[in-house]
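Below is one structure, written out as structure tokens, with a few remarks after it.
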Amino acid sequence: MKTLIEKWVRPEIRALRAYHVPSAQGMVKLDAMENPYRWPEDLLPGWYARLAGAEINRYPDPEAARLKARLRQVFSVPEGMGVTFGNGSDELIQLIIMALAGAGSKVLAPHPTFSMYQMISTFVGVGYVDVPLRADDFSLDRDAVLQAIHKEQPAVVFLSYPNNPTGNLFDNDAIRAVIEAAPGLVVIDEAYHAFAETSWLNEVATYPNLLVLRTVSKLGLAGLRLGWLCGDPAWLREIDKIRLPYNINVLTQATAEYALEHYAVLERQTAALRSERGALLRALDGFAGVRAFPSAANFILFRVPTGRAAEIFDGLKARGVLIKNMDPAAPMLRDCLRVTVGMPEENQRFLDALRAVI
Ligand SMILES: *Cc1c(COP(=O)(O)O)cnc(C)c1O
């Protein structure tokens with residue numbers, strides 16, 4: 001068996017480790033940028049009725065046309081621009097890279113950033129080029145990125161806006177320069193759009209090589225697995241050819257439609273989280289030896305005293321609070337931890353545990 005695997009499985013796949021999701025059973029779960037709030041009780045009967053009416057004996061609508069129409073309206077998708085759905089935005093990242101993969105084609109992204117860009121490039125067998133952010137504030141090093149684009153001629157550039165795991169928004173002029181210099185696609189990944197209150201969505205009509213990627217995951221519907229890609233329909237038609245026809249299941253379509261009909265509820269929840277983010281940032285900054293980085297997302301990256309990230313992460317875990325240790329992810333993230341903004345009582349439990357550990 002082992003020799004067969006060695007013979008047939010690509011070495012770069014054998015060298016990988018599967019995406020690890022730690023168990024959060026019984027813990028305050030602040031590790032995965034989920035919205036902690038459930039739907040209000042009065043929304044549930046209407047939802048159950050939709051689910052009861054869903055035809056699970058039939059294949060889903062491959063175009064998810066009703067959901068698409070609702071979504072275009074809720075998010076004010078620019079006139080004439082296309083929308084394609086993915087089973088999570090992760091799937092759309094995969095489809096984009098698969099569509100552009102070819103002899104010598106490359107993916108380029110800043111570093112550190114969302115790990116799936118690199119992982120999926122590896123799965124698909126495409127070269128991956130990363131350009132370091134500035135170490136002091138994680139801003140985009142405009143000259144370095146432009147130089148790398150010129151030299152590497154990437155098929156696609158991914159920009160997470162705001163950037164995961166650093167939380168900041170890249171400078172708009174630098175992004176504009178990247179879009180103008182890129183020989184191929186630029187994908188702006190707005191997974192945290194609800195917390196950033198700024199967007200490039202309207203610019204997809206201006207730049208024919210720009211696509212904007214969104215997801216409902218961080219908005220409060222992580223369990224659904226629904227992402228969407230917006231831009232010139234000519235690009236989306238190509239990407240659509242490799243999308244598996246029934247990637248968005250019947251229950252996801254019915255639920256997302258219902259959720260978007262009640263979008264104001266999600267907006268109230270994300271507004272509450274934005275205000276909690278401010279409180280959490282100030283509280284973190286109040287700890288001696290801790291530096292919290294400003295965030296336009298629903299998480300905060302913070303640096304603890306030198307060499308103590310793993311110990312503090314473990315101490316929090318022992319006290320029932322799960323966050324994410326970013327120290328091993330990149331040299332630039334040394335001594336850094338990332339906490340998701342939760343409900344006030346969860347954030348308080350995190351702060352109390354941190355006080356005890358630090
Ligand atoms: C969480 C995240 C995603 C993944 O979103 P899904 O829709 O849940 O697959 C994509 N991009 C970034 C930057 C993220 O942080």
Side-chain angles (χ1 to χ4, degrees), residues 19-21 24 29-36 64 67 71 75 83-98 107-121 123 128 130 133 138 140 156-170 175 185-196 198-201 211-230 239 243-244 247-249 252-253 255-256 259-260 266 270 273 277 293 295-301 323-324 326 329-330 333 336 338-341:
Y19 193 82
H20 174 65
V21 179
K29 190 175 188 313
L30 300 176
D31 64 328
M33 283 80 92
E34 292 142 330
N35 171 347
L67 171 59
L71 180 138
F75 294 110
V83 169
T84 295
F85 288 120
N87 194 322
S89 50
D90 285 350
E91 187 186 43
L92 290 164
I93 296 167
Q94 184 184 47
L95 293 177
I96 293 164
I97 297 176
M98 279 169 64
V107 173
L108 187 144
H111 180 76
T113 191
F114 185 49
S115 60
M116 292 312 284
Y117 311 140
Q118 176 160 26
M119 286 173 61
I120 293 170
S121 298
F123 304 159
Y128 185 80
D130 56 15
L133 296 172
F138 306 119
L140 203 61
V156 51
V157 176
F158 283 98
L159 296 173
S160 169
Y161 181 87
N163 190 43
N164 175 11
T166 55
N168 55 313
L169 290 163
F170 298 136
I175 293 179
L185 267 181
V186 174
V187 176
I188 299 190
D189 182 345
E190 297 189 347
Y192 300 96
H193 156 259
F195 307 97
T198 172
S199 173
W200 282 81
L201 190 65
L211 299 179
V212 165
L213 182 62
R214 297 255 188 107
T215 173
V216 300
S217 293
K218 311 316 179 349
L219 192 61
L221 304 166
L224 282 189
R225 309 307 297 133
L226 183 73
W228 54 283
L229 184 64
C230 181
I239 288 164
R243 181 176 63 86
L244 299 178
N247 63 333
I248 311 302
N249 74 69
T252 292
Q253 291 190 31
T255 303
L260 292 182
L266 297 178
T270 51
L273 291 167
R277 173 181 69 199
F293 294 94
S295 170
N298 64 339
F299 59 83
I300 295 174
L301 185 78
I323 64 166
K324 176 108 175 167
M326 299 309 304
L333 297 176
C336 284
R338 185 190 68 197
V339 62
T340 303
V341 180

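In listed order, ligands and their atoms are each counted from 1.
With distances taken over non-hydrogen atoms, the option nearest atom 6 (P) of ligand 1 out of S89, G227, P165 is S89.
Judged by distance alone, the side chain of R277 and the main-chain N or O of F195 form a donor-acceptor pair under 3.5 Å. Side-chain atoms of N298 come within 3.5 Å of backbone atoms of M33 as a donor-acceptor pair (strictly under, hydrogens ignored).
Under 3.5 Å, the side chains of R225 and N249 contain no donor-acceptor pair of N or O atoms. For the residue pair S160 and D189, no side-chain donor N or O sits within less than 3.5 Å of a side-chain acceptor on the partner. A donor-acceptor contact closer than 3.5 angstrom links the side chains of E91 and N247.
Looking only at protein heavy atoms, the nearest one to atom 2 (C) of ligand 1 is K218 NZ, 2.4 Å. For atom 9 (O) of ligand 1, the closest non-hydrogen atom of the protein is R225 NH2, 2.9 Å. When only non-hydrogen protein atoms are considered, atom 11 (N) of ligand 1 lies nearest to D189 OD2, 2.6 Å.
At least one N or O atom of T215, backbone or side chain, sits closer than 3.5 Å to an N or O atom of ligand 1. Some N or O of D90 is nearer than 3.5 Å to an N or O of ligand 1, by distance alone.
Of all atoms in ligand 1, numbered sequentially from 1 with element shown, those under 4.0 Å from a heavy atom of S217 are 6 (P), 7 (O), 8 (O). Below 4.0 Å from some heavy atom of Y192 lie the following atoms of ligand 1, by number and element: 1 (C), 14 (C), 15 (O). Residue-ligand proximity, G88 to ligand 1, at heavy-atom distances under 4.0 Å covers atoms 7 (O), 9 (O). Near S160, meaning under 4.0 Å from one of its heavy atoms, ligand 1 places the atoms 13 (C).
Using a 4.0 Å cut-off between heavy atoms, E91 makes no contact with ligand 1 at all. No part of M116 comes within 4.0 Å of ligand 1, judged by heavy-atom distances.
To the nearest 0.5 Å, atom CG of residue L260 and atom CG of residue L221 are 7.5 Å apart. Here the straight-line distance linking atom CZ of F293 with atom CG of L333 works out to 8.5 Å at 0.5 Å rounding.
Using a 30° and 60° split on the angle between ring planes, Y192 and F299 fall in the perpendicular class, above 60°.
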